[in-house]
Amino acid sequence: MESKVIVIVCTLGMSSSMLISKMQQYIYESNLPVKILAVSSEEALKYVSSHQVDLVLLSPQVRFLKNEFVETLTNQPTKVETINMSDYGLLDSRNILKQAFQLLAIDSPL
């Protein structure tokens, strides 16, 4: 399976960075073909327009940008979804990864 790229978008990219470190640990330990990174909302549209991205997960505080991402990525197979507010607030990396894997049709033991 080819590697999948997930971009998590939040206001400044800082809260997502904490979340991503937990997610990356699980991905590494499970040897899954997934790359995940955090991008600030200010840089995100430019980033996803110029890089191969399979999934954009929007943090709850930037969920209002969903339509803009969908429009920007119309000609790409990139999926765009919002992270559940309670999962994000609790930094529940397991549930967020589960959501991402379901959207990308990746089998995982979650």
Side-chain angles (χ1 to χ4, degrees):
M1 172 191 276
E2 71 180 61
S3 185
K4 300 288 186 179
V5 178
I6 301 170
V7 172
I8 295 184
V9 181
C10 75
T11 307
L12 298 174
M14 293 188 302
S15 55
S16 295
S17 294
M18 292 185 296
L19 177 67
I20 284 178
S21 66
K22 292 172 70 176
M23 296 169 87
Q24 286 175 329
Q25 181 179 353
Y26 177 80
I27 289 166
Y28 175 77
E29 290 170 357
S30 302
N31 197 31
L32 294 169
V34 176
K35 178 183 174 188
I36 190 161
L37 60 140
V39 180
S40 72
S41 58
E42 192 173 293
E43 301 170 359
L45 280 171
K46 183 178 178 182
Y47 183 88
V48 301
S49 296
S50 61
H51 293 81
Q52 172 60 40
V53 175
D54 298 289
L55 176 63
V56 174
L57 288 175
L58 302 171
S59 67
Q61 64 265 39
V62 296
R63 66 184 175 272
F64 64 91
L65 296 173
K66 184 175 181 178
N67 288 339
E68 194 170 345
F69 276 91
V70 170
E71 288 175 19
T72 299
L73 299 167
T74 297
N75 297 323
Q76 297 179 29
T78 306
K79 296 178 181 184
V80 180
E81 196 54 67
T82 303
I83 299 171
N84 176 284
M85 191 177 296
S86 62
D87 289 341
Y88 192 82
L90 295 171
L91 297 178
D92 191 336
S93 58
R94 183 180 175 94
N95 276 349
I96 296 168
L97 275 174
K98 191 175 185 179
Q99 175 189 15
F101 293 163
Q102 288 171 345
L103 289 166
L104 294 172
I106 296 174
D107 290 328
S108 79
L110 290 175

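All of these numbers come straight from a predicted model, not from anything done at the bench. Quick note: numbers below take in every heavy atom, side chains included, and nothing from hydrogens, waters or symmetry partners.
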Any chance you could measure Lys4, atom NZ, to Leu104, atom CG, to the nearest 0.5 Å?
-> 6.0 Å
Heavy-atom closest contact (Pro60 atom, Met85 atom, distance) | CG-CA, 3.5 Å
Do Ile27 and Leu97 touch side chain to side chain, with heavy atoms closer than 4.5 Å?
-> yes
At their closest point, which heavy atom of Leu19 faces which heavy atom of Ile96, and how far apart are they?
-> CD2-CD1, 3.6 Å
Any idea which heavy atoms bring Asp54 and Gln52 closest together, and the distance?
-> OD1-NE2, 3.6 Å
Interatomic distance, CZ@Arg94 vs CE@Met23, rounded to 0.5 Å, equals 12.5 Å
Qualifying residue for side chain to side chain contact (heavy atoms under 4.5 Å, CB included) with Leu37, from Ile8, Val5, Ile6 = Val5
Taking atom types as modelled, is there a side-chain donor on Gln61 or Ser59 under 3.5 Å from an acceptor on the other?
-> yes
Rounding to 0.5 Å, atoms CD (Gln102) and CD (Glu81) come to a distance of 11.0 Å
If you take all heavy atoms of Val80 and Lys66, which pair is closest and at what distance?
-> O-CE, 3.4 Å
Leu57 to Ala100 - nearest heavy-atom pair and separation | CD1-CB, 4.1 Å
Does atom CD of Glu42 have more than 12 heavy-atom neighbours, drawn from other residues, nucleotides or ligands, at distances under 6.0 Å?
-> no
Of all heavy-atom pairs between Val53 and Thr78, which one has the smallest distance, and what is that distance?
-> O-OG1, 2.6 Å
Flag the pair Leu32 / Tyr26 as yes when at least one side-chain heavy-atom distance between them is below 4.5 Å, and no otherwise.
-> yes
4.5 Å side-chain heavy-atom contact, Phe101 and Val34 = yes
Is a donor on one side and an acceptor on the other found under 3.5 Å between the side chain of Gln99 and the backbone of Thr82?
-> yes
Donor-acceptor under 3.5 Å (Lys22 side chain, Leu91 main chain) = yes
